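Being a predicted model, the structure only gives us computed values, none of them experimental. When a ligand or atom number is given, it counts from 1 through the structure's own listing order.
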Amino acid sequence: MKDWEKNIRKVVPYTPGEQPKKANIIKLNTNENPYPPSKGVYEEWKNLSIDKLRLYPDPTIGKLTSAIAEFHNISNDEVFVGVGSDDVLAMCFMTFFNSEKPILFPDITYSFYDVWANMLKIKYKQIPLDDNFEIVVDDYSVENGGIIFPNPNAPTGALLPLESVEKIIQNNQDVIVIVDEAYIDFGGVSALELIHKYDNLLVVQTFSKSRSMAGARIGYAMGNKVLIKYLNDVKYSFNSYTLNTMAIELGIKAIEDREYFDETRNKIIKTREWTKAKLKDLGFSFKDSKSNFIFAKHESKKAKDIFEALKEAGIYVRYFSKPERINNYLRITIGTDDEMEKLISFLQQYLEK
Ligand SMILES: *Cc1c(COP(=O)(O)O)cnc(C)c1O
């Protein structure tokens with residue numbers, strides 16, 4: 001090792017899902033929305049003035065923050081916007097997880113949490129899901145420096161009922177509790193209504209899944225205005241101009257179109273339920289997903305073999321070799337009806353062999 005290498009911050013990075021360059025594939029591996037963004041986004045894109053790029057964007061992201069606040073019927077100072085919820089969550093880790101005590105999150109969960117904790121040298125403890133892949137509320141009643149979990153959980157898709165979410169918050173009022181609601185719009189009940197009851201709660205959502213805007217990179221946190229102020233202080237100490245001019249304008253159009261949002265998420269829910277029935281017939285078992293993906297295991301065929309056969313056929317799903325508890329599962333994103341029909345008919349043929 002060279003001398004200069006000794007003091008380098010060495011991290012094991014998060015591995016995002018593959019973004020294949022090939023055309024004509026069926027992409028069910030990164031939980032993207034199969035439907036295009038709302039029409040208003042297209043209109044706005046055509047009208048965007050490139051001259052504006054000469055100027056820095058609004059550092060407060062004011063107009064988009066108001067549009068999000070209006071959608072959720074809360075006030076502007078209760079919203080913090082960032083470059084996707086990954087950026088928002090990273091800012092939250094920096095801002096709120098600064099204790100000597102370990103933060104808590106599930107052992108099977110979004111695999112970015114331990115990456116941020118390691119990078120920022122935050123102590124953490126992973127709380128095992130039970131044998132049925134459920135969060136055990138009482139296991140979060142130990143001393144800790146903060147709590148984070150997704151609801152629905154990823155990659156299991158399991159939804160924790162609002163009463164259980166509230167219990168976790170209730171039992172932990174001396175630390176910040178973050179509920180990562182990346183998939184809440186596909187059939188869950190948001191904890192948002194609790195932000196006025198608990199001043200230590202942050203609810204994080206994203207435009208990437210239910211609003212078909214993963215490429216625009218827009219995410220946000222909602223909570224007590226004191227928490228939002230602390231988040232902004234850290235943001236302005238790191239990078240004042242986070243969202244770019246285009247993302248701000250396009251994001252406003254995306255969140256304003258409530259009708260399209262409801263139409264597309266309902267379509268995905270319907271397709272998900274159809275896919276569940278078909279997968280079950282084929283010998284798959286899975287948790288009752290309330291997200292835009294299904295985390296499934298086959299009764300006889302190995303997940304890794306199915307994953308590779310699907311990939312060969314141009315159908316990309318996600319397979320996690322680690323941790324061991326989940327290495328026989330596939331995470332299948334819900335696509336269009338046509339895409340799911342193709343997936344099912346491939347599996348029918350493949351599993352007959
Ligand atoms: C997709 C996802 C995110 C991040 O989404 P962004 O695209 O960064 O907004 C955060 N948390 C979970 C659990 C996710 O699945």
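Once rounded to the nearest 0.5 Å, the distance linking NZ of Lys235 with CG of Asp87 reads 9.0 Å. Tyr316 contributes atom OH, which lies 11.0 Å from atom CD of Gln19 (distance to the nearest 0.5 angstrom). If you take CD1 on Ile178 and CZ on Phe97, they are separated by 3.5 Å, rounding to the nearest 0.5 Å. Atom OH of Tyr183 sits about 7.0 Å away from atom OH of Tyr110, to the nearest 0.5 Å.
Between Asp180 and ligand 1 there is a heavy-atom distance shorter than 4.0 Å. The shortest separation from a heavy atom of Gly219 to ligand 1 is not under 4.0 Å, leaving the residue out of contact.
For ligand 1, the atoms lying closer than 4.0 Å to a non-hydrogen atom of Gly84 are 8 (O), 9 (O). Close approach of ligand 1 to Ala182 (heavy-atom distance below 4.0 Å) involves ligand atoms 2 (C), 11 (N), 12 (C), 14 (C).
The N/O atoms of Asp87, backbone and side chain alike, include none that comes under 3.5 Å of an N/O atom in ligand 1. For ligand 1, the polar-atom distance check against Tyr113 finds no nitrogen or oxygen pair separated by under 3.5 Å.
A salt bridge links Asp3 with Lys6: at least one charged nitrogen is closer than 4.0 Å to a carboxylate oxygen.
Proximity of a side-chain donor or acceptor of Arg258 to a complementary backbone N or O of Phe71 within less than 3.5 Å is detected. With Asn151 contributing its side chain and Ile184 its backbone, the two residues share no donor-acceptor pair below 3.5 Å.
Counting only heavy atoms of the protein, atom 5 (O) of ligand 1 lies nearest to Ser85 OG, 3.2 Å. Counting protein heavy atoms only, atom 3 (C) of ligand 1 is closest to Lys209 NZ, 3.4 Å. Taking atom 8 (O) of ligand 1 as the reference point, the nearest protein heavy-atom neighbour is Arg217 NH2, 2.7 Å. Annotation: atom 7 (O) of ligand 1 to nearest protein heavy atom, Ser208 OG, 2.6 Å.
At a heavy-atom cutoff of 4.0 Å, ligand 1 is contacted by the side chain of Tyr183 but not by its backbone.
Apart from Met1 itself, the hydrophobic cluster it occupies contains nothing, where clustering links Ile, Leu, Val, Met, Phe, Trp and Tyr at side-chain heavy-atom distances under 4.5 Å.
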